[in-house]
Amino acid sequence: MDAEPHAPLPAGVLDLVADPVERAALARLARTHPRVHWDTLLFSAKESVFKAWFPLMGSRLDFTDARLSFRPRDAAFDVRVRVPAPPPSPLPGKSAITPRFTGSWRITGGILATSVTALHSGPAAEGGDGSELSAQPIPTSAYCTPVASSRLRNLSR
């Protein structure tokens with residue numbers, strides 16, 4: 001989860017956080033949905049991804065390690081992490097499988113809030129021997145405090 005003022009990013013920041021494909025997509029979105037500060041939305045969404053990634057994978061991401069695509073009609077976005085998962089960790093709950101992320105956003109009261117849900121492939125839940133893979137949601141509590149989780153739920157109402 002992340003929250004930012006709904007205002008343009010300072011000059012030069014977009015070039016640091018977005019790759020050329022994302023910048024072109026943001027330019028198209030700005031023409032069709034001009035009331036959204038897409039640069040700040042991208043920044044906040046990537047911050048949400050990073051906050052979910054680190055506790056799950058135990059490594060950091062750079063801004064260009066994640067590529068986002070927005071779905072304005074749904075106030076949602078999809079994330080493609082472009083780095084391989086780190087080696088398995090001896091810590092419980094760490095995964096060697098790169099998770100997939102999907103997210104949502106809301107703009108209210110001059111604040112832009114984003115959150116992500118992490119999905120990863122793992123052994124099938126019922127009687128799986130590991131040869132079948134299925135997407136399993138990772139609970140919000142894995143990467144978000146209960147207070148933050150509650151605040152985001154209240155924002156989305």
Side-chain angles (χ1 to χ4, degrees), residues 1-4 6 8-10 12-89 91 93-107 111-125 128 130-145 148-149 152-153 155-156:
M1 181 175 146
D2 187 65
E4 303 289 337
H6 186 231
L9 288 176
V13 174
L14 183 61
D15 290 336
L16 300 174
V17 302
D19 67 28
V21 171
E22 289 170 324
R23 287 193 296 273
L26 295 184
R28 286 189 300 275
L29 288 166
R31 286 191 296 276
T32 58
H33 300 83
R35 295 178 56 161
V36 176
H37 293 287
W38 293 100
D39 56 346
T40 304
L41 179 53
L42 179 76
F43 176 83
S44 179
K46 286 189 176 192
E47 285 288 318
S48 287
V49 171
F50 301 159
K51 291 173 184 178
W53 175 271
F54 184 79
L56 292 171
M57 306 307 290
S59 64
R60 297 193 192 307
L61 292 174
D62 288 327
F63 279 104
T64 56
D65 290 339
R67 177 174 287 163
L68 275 66
S69 57
F70 291 101
R71 292 180 278 126
R73 186 170 293 153
D74 302 323
F77 55 91
D78 297 302
V79 183
R80 180 173 164 243
V81 177
R82 302 186 302 173
V83 297
S89 168
L91 300 175
K94 298 291 189 258
S95 172
I97 300 170
T98 303
R100 292 182 301 119
F101 295 94
T102 186
S104 61
W105 80 83
R106 179 159 175 119
I107 301 167
I111 299 295
L112 182 153
T114 59
S115 68
V116 297
T117 299
L119 301 171
H120 73 91
S121 297
S131 61
E132 296 178 21
L133 298 178
S134 64
Q136 303 169 3
I138 298 171
T140 307
S141 60
Y143 57 88
C144 193
T145 67
S149 200
L152 187 60
R153 277 195 303 277
L155 274 177
S156 63

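Quantities reported herein were computed from a predicted structural model and do not represent experimental measurements. In this chain, numbering begins with 1 at the start of the sequence shown.
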note = Separation between NZ (Lys51) and OG (Ser115), nearest 0.5 Å, reads 11.0 Å
task = With sequence neighbours left out, write down each residue that passes ring-ring contact (aromatic ring centres under 6.0 Å, His included) with Phe63, or none if nothing qualifies.
result = Phe43, Phe50
ask   = Between Ala3 and Ile111, which heavy-atom pair has the shortest distance, and what is it?
value = CB-CG2, 4.0 Å
Interatomic distance, Arg80 atom CZ to Leu68 atom CG [nearest 0.5 angstrom] = 12.0 Å
note = Rounded to the nearest 0.5 Å, the CZ atom of Phe77 sits from the CZ atom of Arg67 at a distance of 16.0 Å
request  = Find the distance between CH2 (Trp53) and OG (Ser48) and round it off to the nearest 0.5 Å.
outcome  = 15.5 Å
ask   = Any side-chain donor paired with an acceptor under 3.5 Å for Thr102 and Thr117?
value = no
query = Could you give all pairs that pass the side chain to side chain donor-acceptor pair (under 3.5 Å) test and reach residues 21-36, with sequence neighbours left out?
reply = Glu22-Lys46
key: Side-chain donor or acceptor of His6 paired with backbone N/O of His37 under 3.5 Å   = yes
inquiry  = As an exercise, state the distance from CG of Leu41 to CG of Leu26, rounded to the nearest 0.5 Å.
reply    = 8.0 Å
message = Using 0.5 Å steps for rounding, measure from the CG atom of Leu112 to the CD1 atom of Ile107.
response = 4.5 Å
ask   = Taking 4.0 angstrom as the limit, do Arg82 and Asp19 come out as a salt bridge?
value = yes
ask   = After noting the C-alpha distance and the side-chain angles of Thr114 and Glu47, does the key distance pass the side chain to side chain contact (heavy atoms under 4.5 Å, CB included) rule?
value = CA-CA 9 Å; Thr114 59; Glu47 285 288 318; over 6 Å; no
request  = Decide yes or no for Val36 and Pro72: does some side-chain heavy atom of the first lie under 4.5 Å from some side-chain heavy atom of the second?
outcome  = no
query = Within a strict 4.5 Å, meaning less than it, do heavy atoms of the Asp65 and Arg60 side chains meet?
reply = no
inquiry  = I'd like to know if the side chain of Ser44 and the backbone of Glu4 have a donor-acceptor N/O pair within less than 3.5 Å.
reply    = no
request  = Of all the heavy-atom pairs spanning Ala45 and Val116, show the shortest one and how long it is.
outcome  = O-CG1, 4.4 Å
ask   = What are the two closest non-hydrogen atoms of Leu29 and Trp38, and how far apart are they?
value = O-NE1, 3.4 Å
request  = Work out which heavy atom in Leu42 is nearest to a heavy atom in Ala18; give both atom names and the distance.
outcome  = CD2-CB, 3.4 Å
remark   = All heavy atoms of Phe101 vs all of Ala118, minimum pair found to be CE2-CB, 3.4 Å
